[in-house]
Amino acid sequence: MTVLDFINHLLRRQKPSGTMARQRLQLVLAHDRSDLNPELLDQMRREILEVVQRYVEIDIESCDVSLETEDRVTALLANLPIKRTREFPLPSGSSAFGGGPSARIAVASAETNVIGGPSPSPATAPAETGESPAASQP
Amino acid sequence: MTTASARIILICSGKGGVGKTTLTANLGIALARLGKTVAVLDADFGLRNLDLLLGLENRIIYTAQEVLAETCRLDQALVKHKQQPNLALLPAGNPRMLEWLTPEDMQTIAGLLAERSDYVLIDAPAGIEQGFKNAAAASKEAIVITTPEVSAVRDADRVIGLLATMDVRPVQLVLNRVRPKMMANQEMLAVDDVTDILALPLLGLVQEDERVIVSTNRGEPLTLEANPSPAGQAYLNIARRLCGDEIPLIDPSKKRHGLRARLINKLRKTTGLF
Ligand SMILES: Nc1ncnc2c1ncn2[C@@H]1O[C@H](COP(=O)(O)OP(=O)(O)O)[C@@H](O)[C@H]1O
Ligand SMILES: [Mg+2]
């Protein structure tokens, strides 16, 4: 929070419009640059949650999967609060709902318009892809 | 009068009305004043007006169209500026040129201009359609101009993405219509916001300046003046930076002279809180 934000907060004033402009731009550009339509993004979000839920119980209500962009690199960030780890992974195709730690997964990063591919992972979080090894444990 | 080393620079923005043509005219004159030979090419065939801003509209006989059709020589079509004869304009042809013009045609024209100039400035049309792509195909480097507004920055981002795929580089940024007070009060995107978001080096800042309108009315670019107004000085600085001079940039977002900012400074001093 900048000093000005703080003062505005005290005076219960709105954020300065320049700050709002920056935040809105960052969001819209993350989508523009990834070139993913909202429908595909939503489908991907659901599939990611489905895969993660086979391994851990997550708090569906507070899950957040969104695009962010910095330095012309766009990243898909998933913030999935974990309630409990499953003792045995569920078979694929099933999903379940089920409290505890929170996991932050940077799923993919991409340069400008191309998503996926062998691109450097962002330094912000350890990169883990959505594809996990098949459930091979007993 | 160099040949192979001519710099062919695209002036583009994505959004219309952000100041491409004004920049092209002023930068052209400024470079000419620095002793460079300059050719400016109006590639906005649909909505041409580089001729007007340069005050050359009454002296056009031939255009890029006749040059391409080889019904006239290049030097017959080029319109030299009276006060700055180092600068010549190649006017845009008929808007119907858009229907048949190819990227190769634009490369041919730019190549001809490059043979006789140090700098070739191409005034691109707005948008990211074929007209823009033709102009980009003929260019080696680019200046993207934008204003500190969400729509203009978003459109600039699209253009920057396209330029990257077309191998046009370097790409530099000019921020136009800057209102220092609004920036200091954070009621406008800050300079750093725009350069960070677009990830481009900043070539210049041009203030909002009424003199721009006056100079447009007269057809006399601001950079012709001996003592130019703030915007005119900014265009001159851009020209010198292009030539490699290092001229410091003053960031109005970091200058706090607005009422609110002054109040905060006062609070800070009296309370010692932050
Ligand atoms: N720095 C400035 N201050 C004030 N007005 C400006 C400035 N830059 C451009 N303008 C005005 O904005 C309008 C659009 O400029 P123009 O150069 O024609 O844009 P474009 O070629 O990108 O469409 C013109 O009326 C011009 O006078
Ligand atoms: Mg124009």
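Lettering follows sequence order; numbering is per chain, from 1. Being a predicted model, the structure only gives us computed values, none of them experimental.
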Could you pull out all residues at least two apart from A/R46 that satisfy side chain to side chain contact (heavy atoms under 4.5 Å, CB included)?
-> A/D42, A/Q43
Heavy atoms from other residues, nucleotides or ligands near [atom1] of [X] exceed 12 (cutoff 6.0 Å):
X      : atom1 : answer
B/L47  : CG    : no
B/R241 : CZ    : yes
B/M97  : CE    : yes
B/R240 : CZ    : no

Any side-chain heavy atom of A/L25 sitting closer than 4.5 Å to one from B/L189?
-> yes
Spell out the residues in residues 146-154 of chain B that have some non-hydrogen atom less than 4.5 Å away from a non-hydrogen atom of chain A, in order of number; otherwise answer 'none'.
-> B/V150, B/V153, B/R154
Give the intermediate values and the outcome of salt bridge (Lys or Arg N to Asp or Glu O under 4.0 Å) for residues B/D157 and A/R33.
-> CA-CA 8 Å; B/D157 190 72; A/R33 288 174 183 169; 2.6 Å; yes
Can you name the nearest heavy-atom pair linking A/P16 to B/Q186, along with the distance?
-> CB-O, 3.1 Å
What residues, two or more places apart in sequence or in another chain, satisfy salt bridge (Lys or Arg N to Asp or Glu O under 4.0 Å) together with B/D192?
-> B/K254
Got a second to check how far [X]'s [atom1] is from [Y]'s [atom2], nearest 0.5 Å?
X      : Y      : atom1 : atom2 : value
B/D196 : A/Q26  : CG    : CD    : 8.5 Å
A/T19  : B/M188 : OG1   : CE    : 13.5 Å
A/L29  : B/L198 : CG    : CG    : 7.5 Å

Would you mind listing every salt bridge (Lys or Arg N to Asp or Glu O under 4.0 Å) that reaches into residues 160-174 of chain B, with sequence neighbours excluded?
-> B/D167-B/R169
